[in-house]
There are 2 protein chains.
Amino acid sequence: MAETKLRAGDPDLAETALDAQIGYNLRRASALALNDFTVEMASAALRPVTYGMLALIDERPGISAAELCRLLGMKSANMAPLLAELEERGLVERDDHAQDRRVRVLALTKAARKAMPAWRRQVRGHEDRFLHKLTAKERSTLLRLLRLIWTDEED
Amino acid sequence: MAETKLRAGDPDLAETALDAQIGYNLRRASALALNDFTVEMASAALRPVTYGMLALIDERPGISAAELCRLLGMKSANMAPLLAELEERGLVERDDHAQDRRVRVLALTKAARKAMPAWRRQVRGHEDRFLHKLTAKERSTLLRLLRLIWTDEED
DNA sequence: TATTGTTATACTCTATAACTATA
DNA sequence: TATAGTTATAGAGTATAACAATA
């Protein structure tokens with residue numbers, strides 16, 4: 001695989017080589033996880049974003065769309081059509097908030113609550129597959145380091 | 001930040017909670033890195049993909065577009081217009097291959113070679129910024145684990 | 001037949017702007 | 001004024017299909 005003209009011997013390159021960048025490796029690993037997720041969850045027609053929405057609504061029934069956006073790091077403008085799609089598919093219910101009439105309160109439908117455990121198991125299987133080279137301890141370490149990167153102090 | 005109706009006590013949820021998924025945390029960390037990269041390299045008008053192309057052509061002068069695609073995990077259909085853009089901007093040269101007339105051989109222009117060290121330093125600064133909560137040892141560990149995920153055995 | 005490189009096209013995710021309704 | 005939610009729109013990245021030229 002080595003190229004004849006490879007500049008690997010260049011001392012300046014050791015620390016700035018593309019392969020040595022965490023950002024690049026994050027992107028490649030994330031892309032692989034995305035592809036594997038999409039294949040695994042194709043039967044349920046769920047992508048990482050829509051699954052994340054369902055999982056969080058499941059974990060926090062009664063959450064508002066705005067709070068869901070904040071927790072998932074999404075813009076409400078992008079959330080709206082996805083929520084409409086999930087509602088149309090009979091997976092999410094949107095009801096009026098008791099006090100604040102601006103808010104739409106989110107919950108899984110009965111059908112979605114019934115399907116969710118199997119979907120969670122499927123996602124767990126997908127994680128086991130794309131992380132098969134990592135030990136349990138390494139997975140735990142990776143989780144901690146990834147959270148350190150993107151999670152704010154106050155979270 | 002806790003919701004009153006939080007289902008965190010649910011035993012089934014401990015292992016399948018969205019927050020506990022490495023794929024989800026990979027996506028969030030990668031998105032943060034992408035945003036920071038874009039801000040940092042806005043002055044050079046380079047995005048992660050185009051920077052990756054330049055960095056790899058710099059490290060392997062004379063590489064073909066097909067080999068660049070394989071190394072970066074890109075489709076040649078998506079590479080073509082990006083190479084055309086980089087050529088138009090005077091950063092990449094495409095020359096005919098000596099033996100194989102199908103191949104276009106890639107190299108950085110003199111201007112790009114001159115600019116590359118500063119761009120590499122900028123990217124290094126960006127990495128230091130978004131990884132500021134991680135020690136040097138943790139960064140090394142993270143790099144190793146990310147490579148384990150996406151790198152094939154034969155690489 | 002397979003590979004290199006290109007064009008066309010569609011889909012997902014993300015970003016901004018503008019808007020209504022309500023606090 | 002600020003927030004919740006929606007619509008419209010544009011951009012980047014990625015996917016497949018089809019093609020010409022060459023091996």
Side-chain angles (χ1 to χ4, degrees), chain A residues 23-24 26-28 30-39 41-42 45-53 57 62-88 92-106 150, chain B residues 23-24 26-28 30-39 41-42 45-53 57 62-88 92-106 150:
Chain A
Y24 172 68
L26 264 176
R27 194 156 56 87
R28 295 300 300 268
S30 191
L32 185 111
L34 167 68
N35 285 337
D36 194 84
F37 187 103
T38 304
V39 169
M41 302 304 287
L46 291 175
R47 314 253 304 155
V49 174
T50 43
Y51 173 80
M53 290 166 61
I57 296 171
I63 194 174
S64 69
E67 181 68 3
L68 193 61
C69 284
R70 275 189 289 271
L71 289 172
L72 293 176
M74 295 175 63
K75 308 282 182 185
S76 57
N78 299 322
M79 174 82 71
L82 295 177
L83 276 177
E85 177 204 326
L86 292 175
E87 187 178 40
E88 196 173 351
V92 166
E93 286 173 344
R94 290 192 277 191
D95 296 308
D96 292 338
H97 190 277
Q99 285 82 36
D100 191 335
R101 286 176 49 196
R102 294 172 303 177
V103 176
R104 311 203 61 180
V105 154
L106 305 176
W150 73 267
Chain B
Y24 171 68
L26 264 176
R27 193 156 57 86
R28 295 300 300 267
S30 192
L32 185 110
L34 167 68
N35 285 338
D36 193 86
F37 187 103
T38 304
V39 169
M41 301 304 287
L46 291 176
R47 313 253 305 156
V49 174
T50 43
Y51 172 79
M53 291 166 61
I57 296 171
I63 194 174
S64 69
E67 181 68 2
L68 193 60
C69 284
R70 276 189 290 271
L71 289 172
L72 292 175
M74 294 174 64
K75 308 283 182 184
S76 57
N78 299 322
M79 173 83 71
L82 295 176
L83 277 177
E85 177 203 326
L86 292 175
E87 187 178 41
E88 196 174 352
V92 167
E93 286 172 345
R94 290 192 277 191
D95 295 308
D96 292 339
H97 190 276
Q99 284 83 36
D100 192 334
R101 287 174 49 195
R102 294 172 304 178
V103 175
R104 311 204 60 181
V105 154
L106 304 176
W150 74 267

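Here is how names work: the chains are called A, B, and so on, in the same order as the sequence lines, proteins then strands, and each is numbered from 1. Below, each value reflects all heavy atoms present in this structure, side chains not excepted, and no hydrogens, waters or symmetry copies.
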**OP:** Find the distance B:L106:CG to C:dT4:P and express it as a whole number of Å.
**Re:** 13 Å
Original post:
A:N78 CG to D:dG11 P: how many Å, rounded?
Top reply: 16 Å
Original post:
To the nearest Å, how far apart are B:M79 CE and C:dG5 P?
Top reply: 9 Å
**OP:** Would you mind reading off the distance between B:F37 atom CZ and D:dA12 atom P, rounded to a whole angstrom?
**Re:** 14 Å
**OP:** Have a look at B:A77 and say if it touches a base, only the backbone sugar-phosphate, or nothing, with a 4.0 Å heavy-atom cut-off.
**Re:** base
Subject >> 5′-ward residue of the pair B:S76/A:P48 relative to DNA chain C >> reply: B:S76
**OP:** May I ask you to check whether over 12 heavy atoms, not counting those of A:D100, lie within 6.0 Å of atom CG?
**Re:** yes
Original post:
In whole angstrom, what separates B:E85's CD from C:dT6's P?
Top reply: 14 Å
Subject >> Within 6.0 Å of CG in A:N35, more than 12 heavy atoms from elsewhere >> reply: yes
**OP:** Between A:L83 and B:T50, just flag the one whose closest nucleotide in DNA chain D comes earlier from the 5' side.
**Re:** A:L83
Original post:
Could you state the interatomic distance from CZ (B:R27) to CG (B:L34), rounded to the nearest 0.5 Å?
Top reply: 13.0 Å
Original post:
For A:Y24, which residues count as a ring-ring contact (aromatic ring centres under 6.0 Å, His included) partner, sequence neighbours excluded?
Top reply: B:W150
Original post:
Are A:E85 and A:L82 side-chain neighbours, meaning at least one heavy-atom pair lies under 4.5 Å?
Top reply: yes
Subject >> Integer-rounded Å distance: D:dA15 P and B:L82 CG >> reply: 13 Å
Subject >> Side-chain heavy-atom pair B:R94, B:L106 within 4.5 angstrom cut-off >> reply: yes
Subject >> Sub-4.5 Å side-chain heavy-atom contact between A:L72 and A:M53 >> reply: yes
Original post:
Rounded to the Å, how far apart are B:L32 CG and C:dT14 P?
Top reply: 13 Å
Original post:
Going by heavy atoms closer than 4.0 Å, what residues in residues 93-104 of chain A are next to DNA chain C?
Top reply: A:Q99, A:D100, A:R101, A:R102
**OP:** Tell me which of B:V49 and A:V105 sits closer to the 5' end of DNA chain D, going by the nucleotide each one is nearest to.
**Re:** A:V105
Original post:
Once you round it to whole Å, what is the distance between P of D:dA12 and CE of B:M41?
Top reply: 16 Å
Original post:
Among D:dG5, C:dC13, C:dT16, which nucleotide sits nearest the side chain of A:A66?
Top reply: D:dG5
